[in-house]
Every structure is written in structure tokens, then in C-alpha cells.
Amino acid sequence: MSQQVITIVGGSGFLGRYIVKRLAAAGYTIRVISRYPNAASHLKTAGAVGQIVLMGGDLTYPDSLIGKLDYSHAVINLAGILFESGRQNFTDLHAEGAGRLAQMAKSLGIPRFIHISALGADKATESAYARTKLQGEDAVLAAFPEATILRPSIIFGAEDNFFNRFAAMASLSPALPLIGGGQTKFQPIYVGDVAKAIESCLMRPETMGLTYELGGPKIYSFRQLLEYIMHLIGKRRMLVPLSFKLANLKAYFLEFLPRPLLTRDQVKLLQYDNVVSPGALTLADLGISPIGVEIIVPEYLARFNKKTAARATGERIKV
């Protein structure tokens, strides 16, 4: 087992479990820092006894991180939220928290810092989510100029919050909303490929100080993705066009829920395509060929329609 220690902040979620598993298999010793370490106990089975250590910590409380980054070969920052709730807000976590973490890593002489941002952070600046993601990138690079920035598009995988959510909605609702007419473009990336990208960055010193945009092999409209989900689960549902203005009004009321299905800030994000920019550094520059939606998604959406799962596997989205 390698003596190199990788510290992952915010590693208890969807993306974190895949990164921990991959880096554990590569032989690293891993510290996972999260607000609720007991909720991350499932990660310990990803490695040998003692290889994965869970610790409590919160980017919004810098003192909670003291002593927990020591002797790391690299710090990976995954911390982020999709909507604001209570004291968890975009500015504290995405911008100021990321900057503080990079400062701590730099002061300790840690060689590598990898920061997970979001595709489109430099374009959808009317959105507080995207704007603070961009501010976080700037703060990280100001404190740690050699940091590597990764900007993934929407991430798919067995536990994702996109395909699973819309499949669940399509299972119950007679109609699905096509916000903005469903024309927004996405370039979904498999969670395993994001984990590969992080491992590749750790192994390649030439990635230091660079920003990579991570997208899958194909681009789809929002409408195409919803139609594909309905095809996989064997449901026919109305797709109702909803203007951004009406979606914004609907989101206002949904924000009163503890976990809103849609927020006004997400409506702003949907007004911008979420695809890799021309000329950007990509997975190809890391030696990775991305896996497509059709290879992975049918496997885990099968639970929404067991009768047609086998037939749906491997079928293509009509573009």
C-alpha cells in the first residue's frame, strides 16, 4: 500500500464514493472529511482495514479542519451544494470555504490540490451557484496557483440526482415540464470517468495549474434526455413546455420545501447550455475515453421498469 495520503473534503456523497473506491484500489491511504462522518461509514469497505479514515469537518468552520490535512500528498475538494439551506449557502461553501481550504493546504506545503468546480461556471454568472463556483476557482488559484480545476457537466451513475429523479417523476406524474422548451444542451459524464480524471491528475504533474472541462461523448437536449428516460422505464408522459418565466414562478413556491425539486437559481442555470467549451482541455487530454449514457443508465433505471429493462439496455438516444 502507498504511503501517500489523499485527503478528500466533502467525500461522503455520490461522487466521493467513486473517488474513494478508485484511489483505494490504487493503493493510496485516504482521509475523508465530511460534516457527518458517521453517514460515510459505507466508504470504509472500499479499502483494506485502516486504509480509509473518516473525520468530521466543515469548510464553513475552518477550525474544524485544523490538523486534518497534515502530511497529505494531495487535497481534493468535492464540497458543494445544489441549493441553499439554513447556514449552508453558496458563498460560504463554494467561494470562501474553497479559498480557505486551498490556503490551509498551501501553508502546510501539500504538493497537490484538486478542486471540483462545475461546467459553465464561467458562463452562467447570473446564477448564484455558478457565480460562486467561479469565485471559488479564483480563490483556490489565488491561494494555490498550482491547483488543478475540474469542471464536470451533469454527472450520471447509479446514485445520481438527475436520471433517477426524472425517472421517479415520470413513474408518478402524468406530465413532465420542459423548462425553456427543453432546448438546453447537456453533455452528461459518467461518475466513474470523473474519478478516473482525478486519479489521472494525481499521476500527471503536468496537470498542475490547469483547468479541464469534463463532458461525455455526446451532447443531448433536455427534451432528448427526458424522452430517453421515459423510453427506458416504459412510460408515455406529456412533455409540457414551460417558459423560464413560469418555471421561475413555480420554483418560488417549491423553495418552501425542505428539499425543493427546483429553485429559481436552477432556472437561471437552465438558460445556459452545459457543454464543453471549444478549445478547452478535456478528458482526452487526460488519456480518458468517456463512457456514454446508453452504456450505464439502462442498468440502474431498470428498477423503474423491470419488464422492459433487458430490452432497453444498450438502446440509443435518437439525435
Side-chain angles (χ1 to χ4, degrees), residues 13-15 79-95 98 116-137 151-156 159-189 213-216 219-230 237-277 293 297 317:
F14 167 47
L15 176 56
I81 52 176
L82 296 175
F83 57 88
E84 297 180 314
S85 177
R87 62 178 180 82
Q88 290 286 303
N89 65 75
F90 292 140
T91 298
D92 284 351
L93 195 61
H94 294 168
I116 304 301
S117 183
L119 193 60
D122 57 336
K123 299 180 179 67
T125 52
E126 292 182 9
S127 155
Y129 172 88
R131 185 171 61 252
T132 54
K133 280 288 190 180
L134 184 60
Q135 290 169 351
E137 291 183 15
R151 295 173 172 173
S153 183
I154 57 172
I155 301 175
F156 68 89
E159 307 86 1
D160 71 44
N161 195 43
F162 184 87
F163 287 96
N164 281 299
R165 172 174 289 193
F166 283 105
M169 289 174 62
S171 296
L172 300 173
S173 174
L176 296 176
L178 276 178
I179 298 171
Q183 298 305 306
T184 307
K185 300 292 193 299
F186 296 95
Q187 196 169 350
I189 179 169
E213 297 195 356
L214 309 183
I219 295 172
Y220 312 99
S221 70
F222 187 34
R223 174 187 283 272
Q224 287 172 330
L225 290 174
L226 291 186
E227 289 174 344
Y228 183 58
I229 289 168
M230 290 190 294
R237 297 291 186 250
M238 292 178 58
L239 294 177
V240 181
L242 192 66
S243 70
F244 289 121
K245 185 175 181 180
L246 286 176
N248 194 63
L249 179 62
K250 184 174 183 178
Y252 169 79
F253 292 102
L254 289 174
E255 286 175 11
F256 289 100
L257 299 174
R259 297 186 62 83
L261 293 174
L262 183 69
T263 68
R264 285 170 291 176
D265 196 71
Q266 289 166 355
V267 173
K268 291 177 182 176
L269 278 174
L270 285 169
Q271 296 179 47
Y272 296 86
D273 291 338
N274 195 255
V275 299
V276 171
S277 305
V293 164
V297 173
I317 300 176

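If you're wondering where the values come from, they're calculated on a predicted model, not measured in any experiment. Values below: all heavy atoms of this structure, side chains included; hydrogens, waters and symmetry mates excluded.
- From L134, atom CG reaches atom OG1 of T125 across 8.0 Å, with rounding to the nearest 0.5 Å.
- Residues passing the side chain to side chain contact (heavy atoms under 4.5 Å, CB included) test with R87, sequence neighbours excluded: R35, D58, T60, Y61.
- The stretch residues 237-257 participates, sequence neighbours left out, in these side chain to side chain donor-acceptor pair (under 3.5 Å) pairs: E255-R264.
- Qualifying salt bridge (Lys or Arg N to Asp or Glu O under 4.0 Å) partners for D265, counting only residues two or more places apart in sequence or in other chains: none.
- Residues A128 and T132 approach most closely at O-OG1, 2.7 Å, considering heavy atoms.
- Remark: K123 engages S277 in a side-chain hydrogen bond (donor to acceptor under 3.5 Å, both in side chains) (not counting sequence neighbours).
- Nearest heavy atom pair, residue A130 against residue L269, reads CB-CD2, 3.9 Å.
- Taking CD from Q271 and CD from Q183, the interatomic distance works out to 14.0 Å, rounded to the nearest 0.5 Å.
- For the atom pair OG of S127 and CG of L270, the computed distance is 9.5 Å after rounding to the nearest 0.5 Å.
- Residues R151 and D122 form a side-chain contact, since some pair of their non-hydrogen atoms from C-beta on lies under 4.5 Å apart.
- S153 places no side-chain N or O within donor-acceptor distance of the main-chain N or O of F186, the cut-off being under 3.5 Å.
- Between F166 and Y228, the distance separating the two ring centers is not shorter than 6.0 angstrom.
- Taking the side chain as every heavy atom from C-beta outward, I81 and H94 approach each other to under 4.5 Å.
- For F156, the ring pair (Phe, Tyr, Trp, His ring centres under 6.0 Å) partners are Y190, not counting sequence neighbours.
- Side-chain contact between Y129 and Q266: absent, with no pair of heavy atoms (C-beta onward) separated by less than 4.5 Å.
- Between T184 and Y272, the shortest heavy-atom distance links the atoms CG2-O, 3.3 Å.
- R223 is linked by a salt bridge (Lys or Arg N to Asp or Glu O under 4.0 Å) to E227, counting only residues two or more places apart in sequence or in another chain.
- Looking at N161 and F14, their side chains never come closer than 4.5 Å, going by heavy atoms from C-beta outward.
- Counting all heavy atoms, side chain and backbone alike, L82 lies closest to F90 at O-CZ, 3.7 Å.
- The two residues V267 and A251 have their closest heavy-atom pair at CG2-CB, 4.2 Å.
- Counting heavy atoms from C-beta on, the side chains of I229 and M169 never come closer than 4.5 Å.
- Q88 CD: more than 12 foreign heavy atoms inside a 6.0 Å radius.
- Within the model, atoms OG of S85 and CG of L257 stand 11.5 Å from one another, a figure rounded to the nearest 0.5 Å.
- Side-chain atoms of F162 and P188, non-hydrogen and from C-beta on, never get closer than 4.5 Å to each other.
- Interatomic distance, F222 CZ to K185 NZ, rounded to the nearest 0.5 Å: 13.0 Å.
- The CD atom of Q135 lies 11.0 Å from the OG atom of S117; values are rounded to the nearest 0.5 Å.
- Residues L214 and L119 are not in side-chain contact: their nearest non-hydrogen atoms beyond the backbone lie 4.5 Å or more apart.
- When every heavy atom of L246 is checked against every heavy atom of L242, the shortest pair comes out as CB-CD1, 3.7 Å.
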